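Just so you know, these numbers come straight off a predicted model, no measurement behind them. A note on names: the letters A, B, ... follow the listed sequences, proteins ahead of strands, and every chain is numbered from 1. Every heavy atom of this structure was used, including side-chain atoms; hydrogens, water molecules and symmetry mates were not.
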There are 2 protein chains.
Amino acid sequence: MQDQSEVSPCLALDAATPEVLGDDVIERLRAIAVQHGAVAAGTRIFRAGEPFRAIYGVRIGAIKAIRYDGTGEEQVVAFHLPGEFFGLTGIHSDHYVNTTVALERTAVCGLPYQRLFHVANEHPRLRRQLMRLMSGVILTEQDQYAAMAGHTADARLAFLLLDLRERMSRGGAPQDRLRLPMTRAELGSSAGLAPETTSRVFQQFRRRELIEASGRNIRFLDLAGLRRLAVPLTHPGHGTGRTTAA
Amino acid sequence: MQDQSEVSPCLALDAATPEVLGDDVIERLRAIAVQHGAVAAGTRIFRAGEPFRAIYGVRIGAIKAIRYDGTGEEQVVAFHLPGEFFGLTGIHSDHYVNTTVALERTAVCGLPYQRLFHVANEHPRLRRQLMRLMSGVILTEQDQYAAMAGHTADARLAFLLLDLRERMSRGGAPQDRLRLPMTRAELGSSAGLAPETTSRVFQQFRRRELIEASGRNIRFLDLAGLRRLAVPLTHPGHGTGRTTAA
DNA sequence: CGAGGTGTTGAATAGAATCAACTCATGTGG
DNA sequence: CCACATGAGTTGATTCTATTCAACACCTCG
């Protein structure tokens, strides 16, 4: 019954192994997790403004988080892939702030926040993991922001593609290929670009033989080249901070 | 001995009142909080890559969180104002990911994370508040992202000014005036704009009589006009304090 | 006083958005 | 089964926005 490619984030918070979290915690999480069946593309998981009840994890498929600006135009705020959580902003606001929509056939699981909190009350390890999870989300959010602000369309999309590749492959997907769950328009929106620009950049990448792309199927031909284009995320662990500027 | 304008975020996490947090928790926080003396503009609080030890709160002054991209160019990721926390991304990475610098004469307080966690182990209310804090940071980060992506320079700067105004006034500062702690270049960088563009937009705002601006002193003349320009953040039930993270 | 950072302004350029047309694949109903 | 509608993706021409390069005014600080 289980799809091989299924990821159960709600039972292993933030990719924590059972050793980290403990079997007892996993058991408790299993007890409170609500496993939703797969829904069709276009299905809304929750809407902005609805009362916050649970945080969600993606098991199969993909989710987009969107907002509508003044003109009713849709703006993509984030994509959520298998193993990732969403809806965490609701904790602060008591209401969901984004609307979330399945991009393809998608299954999610829900962790009712009150119950999750109760479980955490008894398990310090879960508490620590929750903090790590939230901190990680802040980090990704900032990476995204830094990668978009003040950079060209090429750089943004190169970053996005590499980012999606890495996140997809975390679930065991092949490293050299990528099936995009979103349209060019959605991809562009999340990068602050018009759909046409997105399409043109894809063409440019093809011409420069960085990727092969037929529709939503991407094949990476020159990862180094893409990385050179993308905004480098200089996360610690390497390279000393360059102190001498001019 | 206390400066009137001082805010002590480390003693009242995320603008929580003593009633929310409880006097005992406040007392415990006071015991672990490290109150740093004021430092001059340009002082680094921590550098990207340093081992994570504590989260910080701004008491007086202002902080910028920056990253360096490939070319050594500085990119502003966030500003932190009195009452706000920064350094939270370190929780996930065990290292700070941004470098943080005082923009003016600034005093911060540190909450050593391990100790904070220990205190939280004994106080569910503090745990809840911590989760709210982190969630709020994710929310702000997303707001920022949504406000920047795919919008004009006018819209971005209008948003930024209104945002700064609100966050400043939370500490009791006047609502109609604003003393910017950062340069045009820094403001622009955080919005993904060149310094010249920032300057020009300021001129435009002056001409349209939306603001008065002499140097870093801003006076708001037409808030409604600015809001019309800025990207509207349509948050449903919005309530409490805002927080930002490095 | 001069130095250097900050802010402003102008002219030229490059980059992305917009408007528009067209292809293609898919799906629908007649 | 085919005519047609639909949405996604591409491509071209044009317009507009923001960057870049450059020069200069201003202020503070040594």
Side-chain angles (χ1 to χ4, degrees), chain A residues 40-42 62 64 69 71 73-76 101 103-105 148-161 179-207 211-218 229 231 245-246, chain B residues 40-42 62 64 69 71 73-76 101-105 148-161 178-207 211-218 229 231:
Chain A
K64 66 173 173 181
D69 67 9
T71 69
E73 207 66 21
E74 176 179 315
Q75 154 88 32
V76 174
V101 184
L103 288 168
E104 54 188 18
R105 191 173 162 75
M148 299 301 123
H151 296 103
T152 61
D154 313 2
R156 298 187 197 189
L157 285 177
F159 173 86
L160 264 187
L161 286 181
R179 162 120 191 121
L180 295 176
M182 71 292 283
T183 66
R184 299 281 190 274
E186 289 162 339
L187 201 60
S189 170
S190 91
L193 299 173
E196 296 95 328
T197 306
T198 311
S199 189
R200 276 184 251 269
V201 172
F202 265 76
Q203 280 309 80
Q204 187 204 322
F205 285 177
R206 272 190 273 245
R207 259 184 285 112
I211 61 170
E212 258 175 31
S214 68
R216 301 194 184 175
N217 289 308
I218 309 290
L229 255 157
V231 186
Chain B
K64 67 172 173 181
D69 68 9
T71 69
E73 207 65 20
E74 175 179 316
Q75 154 86 33
V76 174
V101 184
L103 288 169
E104 54 189 18
R105 191 174 163 73
M148 299 301 123
H151 295 103
T152 61
D154 314 1
R156 299 188 196 187
L157 285 177
F159 173 85
L160 264 186
L161 286 181
L178 183 54
R179 162 119 192 121
L180 294 175
M182 71 291 282
T183 66
R184 299 279 189 275
E186 288 162 339
L187 200 61
S189 169
S190 91
L193 298 173
E196 296 95 327
T197 307
T198 311
S199 189
R200 275 184 251 270
V201 172
F202 265 75
Q203 279 309 79
Q204 185 202 323
F205 284 177
R206 272 190 273 245
R207 257 184 286 113
I211 61 171
E212 258 176 29
S214 67
R216 301 194 184 176
N217 288 308
I218 309 290
L229 240 98
V231 186

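Protein atom CZ of B/R184 is 17 Å distant from nucleotide atom P of D/dA18, rounded to whole Å. One can place CZ of B/F202 at 15 Å from P of C/dT6, the figure rounded to the nearest angstrom. Between the CG atom of A/L157 and the P atom of C/dG15 there is a distance of 15 Å, given to the nearest Å. Atom-to-atom, CG of A/N217 to P of D/dA8 comes out at 17 Å; the value is rounded to the nearest Å. Separating the CD atom of B/E186 from the C1' atom of C/dG7 is a distance of 13 Å, rounded to the nearest angstrom. Between B/H151 atom NE2 and C/dA16 atom P the separation is 17 Å, expressed in whole Å. Between the CD atom of A/E104 and the P atom of D/dA8 there is a distance of 15 Å, given to the nearest Å. Straight-line distance from the CD atom of B/E74 to the C1' atom of C/dG5: 14 Å, rounded to whole Å.
Contacts of B/G150 with the nucleic acid, taken as non-hydrogen atoms under 4.0 Å apart, are absent. At a threshold of 4.0 angstrom between heavy atoms, the contacts of B/T183 are confined to the sugar-phosphate backbone, with no base atom among them. Across all strands shown, A/G188 has no heavy atoms under 4.0 Å from either base or sugar-phosphate atoms. Here B/T198 lies out of heavy-atom contact (under 4.0 Å) with every strand. Residue-level contact check: A/R216 touches the backbone only, with heavy atoms under 4.0 Å from sugar-phosphate atoms and none from bases.
Counting only N and O atoms by type, the side chains of B/R206 and B/Q203 include a donor and acceptor under 3.5 Å apart.
Under the side chain to side chain contact (heavy atoms under 4.5 Å, CB included) rule, A/L193 has a single partner from A/R156, A/R200, A/R184, which is A/R156.
Atom CZ of B/F202 and atom CG of B/L180 lie 5.5 Å apart (nearest 0.5 Å). Interatomic distance, CD of B/E212 versus CG of B/N217, reported as 10.5 Å (0.5 Å rounding). For the atom pair CD1 (B/I218) and CD1 (B/I211), the distance works out to 4.5 Å, reported to the nearest 0.5 Å. Atoms OG and CG, on B/S190 and B/L157 in that order, are 8.0 Å from each other to the nearest 0.5 Å. Taking CG of B/L160 as the reference point, atom CE of B/M148 lies at 4.5 Å (rounded to 0.5 Å).
Residues B/F159 and B/D154 fail the side-chain proximity criterion, which asks for heavy atoms closer than 4.5 Å.
B/E186 has a carboxylate O that lies under 4.0 Å from a charged side-chain N of B/K64, or vice versa, which qualifies the two as a salt bridge.
Minimum atom distance to the side chain of B/Q203 is reached by C/dT8, of the listed C/dT8, D/dT10, D/dA18. Counting only heavy atoms from C-beta on, B/L193 has its side chain closest to D/dA18 among C/dA17, D/dT10, D/dA18. Of the candidates C/dG7, D/dG9, C/dT8, C/dT8 carries the atom nearest the B/R206 side chain, counting heavy atoms from C-beta on.
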**Message:** What does the B/S/- profile of nucleotides 20-30 of chain D look like, 5' to 3', with a 4.0 Å heavy-atom cutoff to protein?
**Reply:** BBB--------
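Axis angle between the ends of the helix from C/dC1-D/dG30 to C/dG30-D/dC1, five pairs each and rounded to 10 degrees, works out to 30°.
For A/R105, the CZ atom is loosely surrounded, since the number of other residues' heavy atoms within 6.0 Å does not exceed 12.
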